[in-house]
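See structure below.
Only a predicted model underlies this, so the values are computations on that prediction, with no experimental measurement involved.
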Amino acid sequence: MNALLASAAALLALLCSLHAAEASAYDKIVYHSRVRARKEGPNVCALQQVMGTKKKYFSTCRNWYRGSVCGKKTTVLYECCPGYMKMDGMRGCPAVAPIDNLYGTLGVIKATSTQNYADQSKLRAEIEGSGSYTFFAPSNDAWDLLDEDTKSALVSNVNIELYNALHYHMANKRLLTKDLKNGMVVTSMYNDLGLYINHYSNGVVTVNCARIIHGNQVATNGVVHVVDRVISSVGNSMAEVLDVDDDLTKLADLAREAGLLEKLGEPGQFTLFAPTDDAFDRLGSDVLERIMADKDVLRALLNFHLLNSVQCSEGIMLGNSYETLEGNSIEVGCDGESLTVNGIKMVLKKDIVTTNGVIHLIDQVLMPDSAKQVMELVGASQSTFGDMVTELGLYGDMRADAEWTLLAPFNAAFTDEVMSMDQSLLKIILQNHVLKNKVLLGQLYNGQRLETIAGKFLRVFIYRTAVCIENSCLVRGSKEGSNGALHLMKILLRPAEKNMYELLMENGGYRIFLSLMESAGLTDLLRQEGDFTLFAPSDKAFRGLSRSDLSLLKSDVNALRTILLYHFNNGVFIGGGLETGVINLLKSLQGSNLRVLFANNSMQVNSVKVPTSDVMATNGVLHFVDSLLYPADMPVGSHDLLALLRRMISYIQIKYISGFRYQEIPLTFMKRVVTRVIQTAPEVKMTRVIQGETKKVTRVIERQPTIKKVTRVIEGDPILTKVTRIVSGPEFSEGPGEPQKLRDAGRREERAQQKVTTQREEEEQEKEEENEEEEISSGLT
């Protein structure tokens with residue numbers, strides 16, 4: 001006995017050492033189970049048993065620490081690890097299980113039903129003899145689960161049916177779990193039919209979707225793996241199953257129409273979640289007709305039910321995301337004995353094993369976004385938006401044959417204040433959330449203009465970690481449908497209607513800032529086109545200042561421009577576009593950096609709180625502050641100015657350097673606009689008489705006045721002189737005060753232009769007259 005135990009231990013150690021470097025997922029899970037049970041003694045494994053069932057697992061860390069499998073609570077069992085056994089009076093499992101032939105090993109591992117059927121079918125002599133086999137032996141519970149009709153048919157013909165069934169569980173080669181690779185096909189000993197192996201990362205190994213529950217029981221003539229069900233032979237592909245299953249006729253027809261049926265007949269590793277005919281009936285005839293009318297949509301719908309991997313039900317211990325052949329993913333999980341898809345129990349029949357994968361019958365049609373129309377993309381978290389779009393008539397304006405993009409705010413954006421608005425105003429707001437054309441997330445770029453259904457244009461801003469449209473930023477979860485796209489938005493869009501100057505004037509609380517901008521010659525910066533960010537100091541920032549204080553600020557233009565331009569940034573930066581919880585450095589037009597922090601939905605600039613932010617203007621965005629900002633790296637050379645600034649600014653200590661002078665800042669960001677209007681003579685009327693021998697032709701040419709307007713935008717420092725020149729016919733007038741040199745140059749330019757125009761008109765008239773004379777001569781002839 002001792003010699004037998006020693007030889008078994010040596011053989012097991014040899015097998016383990018040969019393959020330790022290439023241990024399989026199953027072997028690793030068993031090892032972890034052994035580690036968890038080390039306090040129970042040597043060679044003890046910790047297993048999880050689902051409460052109320054006989055199902056036991058060498059479980060993953062996720063399942064172990066959750067204390068559940070497939071959402072069901074588990075208890076912990078301590079058993080001898082495969083290949084070991086207990087000894088009376090000793091802790092753990094110190095003994096190696098005695099090694100025997102396959103028949104004897106079936107008894108050691110308590111697969112007695114399979115052992116008895118081997119006796120009845122005359123398989124015993126074969127598995128007691130010499131050779132090297134792998135036996136996937138059904139457990140006693142597996143035989144009990146087999147339906148009585150099948151079991152009776154096997155037992156009634158033991159020499160053929162039962163013998164062949166057991167032979168199908170065997171391979172003429174020893175294969176340990178580490179040899180059972182995912183996707184491999186093992187040739188069985190019955191008619192060389194295949195046994196389909198799947199080896200999952202969670203340690204589960206299946207054979208035709210039957211789970212190995214006790215593996216690697218070494219025998220003198222092979223190895224035994226205990227499986228949890230009786231294995232049925234496999235001979236049909238997925239396409240052949242669809243053709244013969246009466247519950248899948250509509251799926252078969254659609255797959256044939258989409259050109260997918262041929263693919264389902266090819267070799268591969270697929271999982272098909274197959275909707276039954278009843279599932280398609282519940283979809284509705286109108287929806288099905290729309291899908292069938294577009295083959296691309298139909299193909300996308302069917303591919304959304306197909307995985308490029310085999311997912312047997314026993315390989316799923318908790319929910320995981322799997323990419324479909326359509327490109328998007330579904331979540332496949334379990335709830336007790338039931339499979340779930342996207343969290344829903346919809347699997348009617350599972351584990352129909354085929355030569356190229358496995359089929360699970362489902363009672364619902366899975367609808368991918370790519371097969372949905374754009375309004376069908378609206379989810380529960382945006383349901384209020386979807387309802388309002390329909391109620392206010394916007395959905396009726398969205399033609400089915402056109403493409404659209406929805407910018408869908410979450411339900412929380414529709415506050416009581418919003419919902420109490422006049423419906424006409426609310427409709428205008430919602431029109432800003434429907435774009436003409438399909439615009440995908442990857443197609444958005446900084447500075448882009450998006451046209452809404454109402455004809456307005458929205459600006460796109462791209463940041464390091466955010467994509468924003470006007471004042472609202474996108475949230476992860478964009479979708480693409482068959483005729484449009486949907487992007488989730490944090491808040492309602494408030495597109496700009498006025499420029500910065502108009503907004504500040506309208507507010508009324510920024511008079512002093514506007515006065516300083518005018519004194520600095522910077523007012524046009526607030527009016528001109530562009531993309532700027534302005535931290536606008538309110539009148540509160542200048543509280544307590546006298547007229548003499550303001551005069552002091554205005555006395556040095558370079559100093560005033562330095563202070564004011566420090567409040568501007570060349571670019572549009574809204575709160576949602578800033579990285580949260582870190583300092584965002586924004587380079588001001590003055591040249592120094594603004595330090596902006598955005599956290600907990602509030603903004604600070606240079607540690608100064610921003611009470612109101614993200615006020616959109618046509619030329620940028622306004623953030624309102626109640627303090628004057630000043631660059632920390634900029635000293636002051638005047639005691640009076642220093643004293644004034646220190647009264648206004650408390651968040652930094654401004655330095656004094658005697659003799660320091662502010663440098664002139666090149667105003668390259670300012671735009672100078674020059675407009676010239678040229679008006680020609682109001683009417684040109686010409687009459688020409690051509691006298692022939694027998695015919696007289698009179699031609700009258702009348703023209704409307706031609707007005708040309710030329711606008712040039714010149715980048716550079718602004719020149720405050722405005723020149724308007726109006727030219728009417730041969731005479732012209734000019735604005736008062738224009739230098740003589742400019743007037744003379746203008747006259748020479750206009751006379752030259754008139755001369756060229758007159759010559760061109762005369763040449764055209766002569767050509768027309770020659771053509772007419774030729775026509776007249778031809779007519780006379």
Side-chain angles (χ1 to χ4, degrees), residues 196 209 232-313 322-332 338-342 344-377 400-401 480-483:
Y196 296 88
C209 286
S232 301
S233 60
V234 177
N236 291 331
S237 67
M238 286 186 173
E240 291 167 332
V241 171
L242 263 61
D243 272 336
V244 299
D245 196 314
D246 292 337
D247 288 329
L248 302 176
T249 57
K250 292 186 177 179
L251 177 60
D253 291 342
L254 293 174
R256 190 176 292 107
E257 178 71 19
L260 188 62
L261 196 62
E262 183 178 351
K263 182 179 182 64
L264 296 179
E266 298 173 353
Q269 292 281 305
F270 304 114
T271 298
L272 175 62
F273 292 94
T276 62
D277 292 346
D278 290 340
F280 280 108
D281 290 340
R282 281 192 288 272
L283 189 62
S285 58
D286 54 340
V287 176
L288 192 56
E289 288 174 5
R290 172 176 63 80
I291 291 173
M292 292 180 65
D294 189 328
K295 280 197 174 182
D296 289 336
V297 172
L298 176 60
R299 195 174 295 110
L301 173 73
L302 296 179
N303 279 331
F304 192 59
H305 293 76
L306 196 60
L307 309 181
N308 201 17
S309 61
V310 176
Q311 300 300 327
C312 297
S313 63
Y322 299 92
E323 185 177 351
T324 68
L325 265 63
E326 182 264 347
N328 288 300
S329 297
I330 60 175
E331 183 177 283
V332 181
S338 302
L339 273 183
T340 61
V341 182
N342 294 334
I344 302 172
K345 289 183 179 181
M346 61 173 68
V347 177
L348 300 173
K349 185 178 181 181
K350 58 189 179 182
D351 295 338
I352 301 173
V353 182
T354 68
T355 57
N356 55 350
V358 63
I359 299 174
H360 306 297
L361 301 189
I362 57 177
D363 63 3
Q364 297 183 30
V365 177
L366 304 177
M367 187 70 70
D369 291 339
S370 56
K372 295 178 182 178
Q373 291 194 316
V374 66
M375 284 300 294
E376 295 173 329
L377 299 177
D401 59 343
E480 179 184 1
S482 60
N483 70 330

With sequence neighbours left out, which residue pairs that include part of residues 351-371 fulfil the ring pair (Phe, Tyr, Trp, His ring centres under 6.0 Å) condition? Phe273-His360

Evaluate the criterion side chain to side chain contact (heavy atoms under 4.5 Å, CB included) for residue pair Thr355 and Ser237; output intermediate values, then yes/no. CA-CA 5 Å; Thr355 57; Ser237 67; 3.6 Å; yes

Return the CG to NZ distance between Leu339 and Lys345, rounded to the nearest 0.5 Å. 11.0 Å

Atom CG of Leu306 and atom CD1 of Ile359: how far apart are they, to the nearest 0.5 Å? 10.0 Å

Non-hydrogen side-chain atoms of His305 and Leu251 separated by less than 4.5 Å: no

Which distance, rounded to the nearest 0.5 Å, do you find between the CG of Asp247 and the CG of Leu348? 8.5 Å

Is any side-chain heavy atom of Met238 less than 4.5 Å from a side-chain heavy atom of Lys263? no

Scan for side chain to side chain donor-acceptor pair (under 3.5 Å) pairs involving residues 362-373, sequence neighbours excluded, and state none if there are none. Glu326-Ser370

Residues in salt bridge (charged side-chain N to carboxylate O under 4.0 Å, His left out) contact with Asp294, at least two apart in sequence or another chain: none

I need the full list of salt bridge (Lys or Arg N to Asp or Glu O under 4.0 Å) pairs touching residues 274-288, with sequence neighbours left out, sorted by first then second residue. Lys250-Asp281

Hey, does Leu254 have a side-chain heavy atom less than 4.5 Å from the side chain of Met292? yes

Partner residues of Asp401 under the salt bridge (charged side-chain N to carboxylate O under 4.0 Å, His left out) criterion, sequence neighbours left out: Arg399

Side chains of Ile291 and Leu298: closer than 4.5 Å at any heavy-atom pair? yes

Looking only at heavy atoms, which two atoms of Leu288 and Phe280 are closest? And how far apart? CD1-CD2, 4.2 Å

CG on Leu261 to CD on Glu266, rounded to 0.5 Å: 10.5 Å

For Arg290 and Ser482, the nearest pair of non-hydrogen atoms, with its separation, is NH1-OG, 4.3 Å

Going by the rule salt bridge (charged side-chain N to carboxylate O under 4.0 Å, His left out), which residues pair with Asp243 if we only count those two or more places apart in sequence or in a different chain? Arg256

Which pair of non-hydrogen atoms, one from Thr271 and one from Ser309, has the smallest distance, and what is that distance? OG1-O, 2.5 Å

Any side-chain heavy atom of Pro368 within less than 4.5 Å of one from Leu301? yes

Kindly give the heavy-atom pair with the smallest separation between Leu248 and Ala274, and that separation in Å. CD2-CB, 4.0 Å

Answer yes or no: is there a side-chain heavy-atom contact under 4.5 Å between Leu325 and Asn308? yes

Closest contact, heavy atoms only, Leu302 versus Ala258: CD1-CB, 3.8 Å

Asp245 side chain to Val241 main-chain N or O, any donor-acceptor pair under 3.5 Å? no

Supply the atom-to-atom distance Phe270 CZ to Thr354 OG1, rounded to the nearest 0.5 angstrom. 9.5 Å

Mind checking whether Ile352 and Leu272 have side chains closer than 4.5 Å, heavy atoms only? no

Counting only N and O atoms by type, is there a donor-acceptor contact under 3.5 Å from the side chain of Asn342 to the main-chain atoms of Ile330? no

